[in-house]
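Just below is one structure, and these are the notes that go with it.
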Amino acid sequence: MEVVSLFKVISDGGVTSPKGFQAGGLHCGLKKTSRNDLGAIVCEVPAVAAAVYTTSVFQAAPLKVTRESIAAGERRLRAIVVNSGNANACTGQQGEADAYEMRASAAAALGLAETEVAVASTGVIGELLPMDRVSSGIAALPSSLSGDNEGSEQFCQAILTTDLVKKEVVVSLEVDGREVRIAGAAKGSGMIHPNMATMLAFVTTDAVIEPHSLQGLLGATTDLTFNMITVDGDTSTNDMLLTMASGLAGNTELSQSHPDWDAFAAAFQYVCQTLAKAIARDGEGASRLVEVTVEGAVTDESARAIAKTIVGSSLVKTAVFGADANWGRIIAAVGRAGEPVNPDTVDIKLGDIIVLTGSRPIPFDEEEALVYLKGDTIAIKVDLHHGSGHATAWGCDLTYDYVRINAAYRT
């Protein structure tokens, strides 16, 4: 168990670690392999729920259904059912009917009201769901549910598409002297350039928390975490980040006026940031995680825009892949970000290697830079000396494998 300031990171656990949650997954035939493609998280009590969604104008049918469930249930849910292998996006009225059918089938199988169930899908866009397989799988889902680590594991496997690894994290902290847990699971590897959320992510907690405070925290945290990653510059039609709070920890209700709010918010942000970085690290074909920190911008918002421009630059990404200390690509990205910059005051470092000071090149050891850029995580640091704004963004390098994977995505 790793201790991080106000909270502890639990190395063994998943979305079922907070009190009141079960999860599971199974293979129902949506994927050509035998890998799980249908999963669920279920809470034993009505959980306070909050969500953020993709801002793409082409929003998949499950997002509409989930919005309606959260609104109808006065920001409370009991379950989320998720399929992978098929996005149910751009599928017209039939796709919308299928999303509602998924919700109805899950509600019937779990003994819940339909509006207590949220729906999420991920996979190929523009293909109708084979509802006979989906319905049969949902009917079998209850028997796959468990409150132990195996339930979390099976759920994590059920939400993956081109991901190479599962993505989950659990932390604990004290609120009013009681243990509170926050856990998360996510999927995402390609079509990652969020603009309110990320591919699919789910956060569970047993904290007692006021609904509007949870929604506000989720939105603010998303801006600092999931909205600061990019793999390929494409925003999905299905992006969703959903959180559920069972309230079974028994603390007094959390809101911004609670004395332990800052600790809870820090732990919540750690969970989201860990998942976001895991998505960036697992970018399709990626060999390196790239972390870009921008300081000295006129505002935090300006720093975010510049950091995301750098980390999303195809030229920067390919330079990292080639272990080429080509800082010119970095400053070019800074210059085209559309934010205020003094062209005479920019400093750039690759890790601890200074390559630019006051917008002027500094002699550096190319061999030392080559060794650094062949590492697992590459830190690019930019100081604009133009204000107090700062931000960090995460991405990955761009490799031959990215083209190979996406050239054959449907096959």
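Every heavy atom of this structure was used, including side-chain atoms; hydrogens, water molecules and symmetry mates were not. These numbers were taken from a predicted model, which means no experiment stands behind them.
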* Stepwise side chain to side chain contact (heavy atoms under 4.5 Å, CB included) check, V208 with L254 -> CA-CA 6 Å; V208 180; L254 279 162; over 6 Å; no
* **S213 side, atom OG; Q256 side, atom CD - distance, nearest 0.5 Å** => 6.0 Å
* To do: Could you tell me whether L26 atom CG has more than 12 heavy atoms of other residues or ligands within 6.0 Å of it?
  => yes
* Does a side-chain heavy-atom distance below 4.5 Å link E127 with V124? -> yes
* Structure fact -> One should read off an interatomic distance between I279 CD1 and I229 CD1, to the nearest 0.5 angstrom, of 4.5 Å
* **Whether N83 side chain and L38 backbone form a donor-acceptor pair below 3.5 Å** => no
* So, for F155 and F202, is the gap between ring centers shorter than 6.0 Å? -> yes
* When you look at K187 and T161, which way does the side chain to side chain donor-acceptor pair (under 3.5 Å) test go after all the steps? -> CA-CA 8 Å; K187 66 82 51 184; T161 50; 2.9 Å; yes
* Decide yes or no for F7 and V180: does some side-chain heavy atom of the first lie under 4.5 Å from some side-chain heavy atom of the second? => no
* Any donor and acceptor pair, going by atom type alone, linking the side chain of Y372 with main-chain N or O of A379 inside 3.5 Å? -> yes
* Asked: Roughly how far, to the nearest 0.5 Å, is the SG atom of C28 from the CG atom of N36?
  -> 9.5 Å
* **Salt bridge flag under 4.0 Å for residues R103 and E101** => no
* What do you reckon, is CD of E150 surrounded by more than 12 foreign heavy atoms closer than 6.0 Å? -> yes
* L129 vs M102 side-chain heavy atoms within contact, under 4.5 Å -> yes
* If you measure only the distance, is there a donor-acceptor pair under 3.5 Å linking the side chains of H385 and D347? -> yes
* May I ask you to test the V117-R78 pair for a side-chain heavy-atom distance under 4.5 Å? => no
* Donor-acceptor pair, side chain of E339 and main chain of A303, under 3.5 angstrom -> no
* Asked: How many angstroms lie between atom CD of E114 and atom CD of E68, to the nearest 0.5 angstrom?
  -> 11.0 Å
* Asked: Hey, are the side chains of I209 and S255 touching, using non-hydrogen atoms and a 4.5 Å cut-off?
  -> no
* Take V203 and L241 through the side chain to side chain contact (heavy atoms under 4.5 Å, CB included) test and state the conclusion after the steps. => CA-CA 8 Å; V203 177; L241 169 56; 4.2 Å; yes
* To do: Output yes when K64 and E96 qualify as a salt bridge under the 4.0 Å nitrogen-oxygen rule, no when they do not.
  => yes
* Asked: Going by heavy atoms in the side chains, are D376 and R281 under 4.5 Å from each other?
  -> yes
* Asked: How long is the span from the CG atom in N251 to the CG atom in D206, to the nearest 0.5 Å?
  -> 8.0 Å
* Carboxylate-amine/guanidinium contact E168 K166, below 4.0 Å -> yes
* Nearest atoms (heavy-atom pairs only) where D37 meets L30 -> OD2-N, 2.7 Å
* With distance as the sole test, does R181 use its side chain to make a donor-acceptor pair with the main-chain N or O of T205 at under 3.5 Å? -> no
* Would you check if the side chain of H27 reaches a backbone N or O of R35 as a donor-acceptor pair within less than 3.5 Å? => yes
* Output yes when K381 and D352 qualify as a salt bridge under the 4.0 Å nitrogen-oxygen rule, no when they do not. => yes
* Minimal non-hydrogen separation, A186 against A201, with atom names -> CB-CB, 3.9 Å
* Go through the steps for L218 and F268 under the test side chain to side chain contact (heavy atoms under 4.5 Å, CB included), then give the verdict. => CA-CA 9 Å; L218 185 67; F268 193 90; 3.8 Å; yes
* Closest approach of A391 to M228 (non-hydrogen atoms, all atoms of both residues) -> CB-CE, 4.2 Å
* Step by step, work out the side chain to side chain donor-acceptor pair (under 3.5 Å) result for H258 and T252. => CA-CA 8 Å; H258 193 289; T252 57; 3.0 Å; yes
* Check S246 against C43 and note the closest heavy-atom contact, atom names and distance. => CB-SG, 3.6 Å
* To do: Decide yes or no on side chain to side chain donor-acceptor pair (under 3.5 Å) for S152 and T16, but give the supporting numbers first.
  => CA-CA 6 Å; S152 297; T16 58; 2.8 Å; yes
* Between S121 and A87, what is the shortest heavy-atom contact and its length? -> CB-O, 3.4 Å
* Look only at the side chain of S17 and the backbone of G13, and say whether a donor-acceptor pair between them is shorter than 3.5 Å. => no
* Structure fact -> When rounded to the nearest 0.5 Å, the distance separating CZ of R304 from CG of D223 is 5.5 Å
* Asked: side chain to side chain contact (heavy atoms under 4.5 Å, CB included) between I348 and I331: does it pass, once the steps are laid out?
  -> CA-CA 8 Å; I348 297 176; I331 199 166; 4.1 Å; yes
* Check: N86 side chain, N88 main-chain N or O, donor-acceptor pair, under 3.5 Å -> yes
* Is a donor on one side and an acceptor on the other found under 3.5 Å between the side chain of T318 and the backbone of L315? -> yes
* Structure fact -> Scanning both residues in full, the closest heavy-atom pair of A118 with L77 reads CB-CD1, 3.8 Å
* Asked: If you measure from the Lys or Arg side-chain nitrogens to the Asp or Glu carboxylate oxygens, is any gap between R288 and D397 under 4.0 Å?
  -> yes
* Are side-chain heavy atoms of V382 and I306 found at a separation under 4.5 Å? -> no
* Asked: Just by distance, do the side chain of K308 and the backbone of N227 share a donor-acceptor pair under 3.5 Å?
  -> yes
* Asked: Are side-chain heavy atoms of F226 and V52 found at a separation under 4.5 Å?
  -> no
* To do: Report yes or no: do D98 and Q94 form a side-chain donor-acceptor pair below 3.5 Å?
  => yes
* Asked: Donor-acceptor pair, T91 side chain versus L128 backbone, under 3.5 Å?
  -> no
